[in-house]
Amino acid sequence: MKIATWNINGVRARIDNLVAWLRDSAPDIVCLQEIKCQDEAFPRAEVEAAGYHVETHGQKGFNGVAILSRVRPDEVTRGLPLLDGDGEADDHARFMEAVFSVEGGAIRVCTIYLPNGNPASDPVKFPYKLKWMARLEAFAQARLALEEPLILAGDYNVIPEPHDCWDPKVWANDALFLPETRDAFRRIEHLGFTDALRAASDAVPAYTFWDYQAGAWQKNWGIRIDHLLLSAEAADRLVSAGIEKHVRSWEKPSDHVPVAGYFNFEFAVP
DNA sequence: ATGTCGACCCTCGGTCGA
């Protein structure tokens with residue numbers, strides 16, 4: 001089974017790319033981020049015609065996530081739980097979880113659009129990112145107790161290591177690379193997750209995003225911020241993983257490319 | 001690093017978010 005994550009940067013602007021990629025790449029489950037539309041505006045018919053079930057968690061104008069899958073999930077939950085004591089609700093559509101039946105059990109797949117957090121000096125944005133990461137850590141810890149295959153896939157807006165960006169000096173003060181951000185990401189990993197791409201390959205660079213500006217793609221000024229984190233039960237079933245870099249050279253590309261993991265489990269036959 | 005892009009609206013251009 002192939003499970004992929006892709007920040008599509010506007011699903012309505014990218015629907016032709018999405019359908020072409022689904023046909024070429026044939027993923028079984030896709031975690032999308034930044035669909036940038038409400039649920040009713042998602043180009044559902046085109047994706048269903050390509051052979052996918054569609055679950056969305058959208059909002060007007062920005063953010064928004066979706067899960068596309070060859071079979072219908074058994075359960076879907078929208079939104080990342082708040083922490084005990086959190087007062088205000090989070091109105092950003094950044095998280096959805098789906099449970100699928102596979103031969104011998106179930107897998108859980110979450111699509112994650114972690115807050116960007118820039119500018120890091122902003123009194124709201126960077127604290128919101130760190131708080132969201134604390135919520136993700138709590139959620140992840142609770143889910144690990146289930147001892148099931150769990151895949152947390154998405155745009156983490158985290159550059160894990162210096163070799164995951166084209167110039168660490170340029171990114172030193174960026175919310176994607178600040179020590180607090182990397183520490184929070186490591187705390188989640190150290191609960192017991194495997195970074196699928198790094199389990200499959202230690203090759204660098206392994207970028208997943210190139211800015212539209214300044215000719216970043218042509219100069220290979222990229223960063224690695226799209227990740228699949230795997231519970232032990234999922235990592236045990238990982239066969240390989242890869243970055244579908246060629247998609248960045250298509251017409252009207254997203255600034256992110258898909259990242260995929262291949263696992264040796266299959267959907268249960270009903 | 002800044003050669004851009006998508007979406008929105010008191011809509012054709014400025015603003016926001018990335």
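Quick note on labels: first sequence line is chain A, next is B, and so on, each numbered from 1.
Look at the P atom in both B:dT2 and B:dG17: the space between them is 23 Å, to the nearest Å. Nucleotides B:dC16 and B:dC10 have their P atoms positioned 14 Å apart, rounded to a whole Å. Using P as the reference atom, B:dC5 and B:dT11 are 25 Å apart when rounded to the nearest Å. Of the C1' atoms belonging to B:dG3 and B:dA7, the separation is 22 Å, rounded to the nearest Å. Using C1' as the reference atom, B:dC8 and B:dC12 are 13 Å apart when rounded to the nearest Å. Rounded to a whole angstrom, the distance from the C1' atom of B:dA1 to that of B:dT15 is 23 Å.
With sequence neighbours excluded, the residues that form a salt bridge (Lys or Arg N to Asp or Glu O under 4.0 Å) with A:Asp164 are A:Arg198, A:Arg224. Residues passing the side chain to side chain contact (heavy atoms under 4.5 Å, CB included) test with A:Asn220 are A:Pro205, A:Tyr207, A:Trp210, A:Lys245, sequence neighbours excluded. A:Tyr52 pairs by the ring pair (Phe, Tyr, Trp, His ring centres under 6.0 Å) definition with nothing, not counting sequence neighbours. Partners of A:Glu180 by salt bridge (Lys or Arg N to Asp or Glu O under 4.0 Å), not counting sequence neighbours: none found. Under the salt bridge (Lys or Arg N to Asp or Glu O under 4.0 Å) criterion, A:Asp86 pairs with A:Lys131, not counting sequence neighbours. For the salt bridge (Lys or Arg N to Asp or Glu O under 4.0 Å) test, no residue two or more places apart in sequence or in another chain qualifies with A:Asp255. A:Lys252 pairs by the side chain to side chain contact (heavy atoms under 4.5 Å, CB included) definition with A:Ala13, A:Arg14, not counting sequence neighbours.
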(request) Using a 4.0 Å heavy-atom cut-off, write out nucleotides 6-18 of chain B from 5' to 3' as B (base contacted by protein), S (sugar-phosphate only) or - (no contact). (result) SSSS-------BS

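In summary, A:Glu97 and A:Arg78 do not engage in a salt bridge, as defined by a charged side-chain N under 4.0 Å from a carboxylate O.
Rounded to whole Å, the distance from CH2 on A:Trp221 to P on B:dT2 is 7 Å. One atom, CH2 of A:Trp210, and another, C1' of B:dG3, lie 18 Å apart when rounded to the nearest Å. Distance A:Trp217 CH2 to B:dT2 C1': 18 Å, rounded to the nearest Å.
For the pair A:Lys219 and A:Trp221, the cation-pi criterion (under 6.0 Å, within 45° of the ring axis) is fulfilled.
Taken residue by residue, residues 161-175 of chain A places heavy atoms nearer than 4.0 Å to DNA chain B at A:Val170, A:Trp171.
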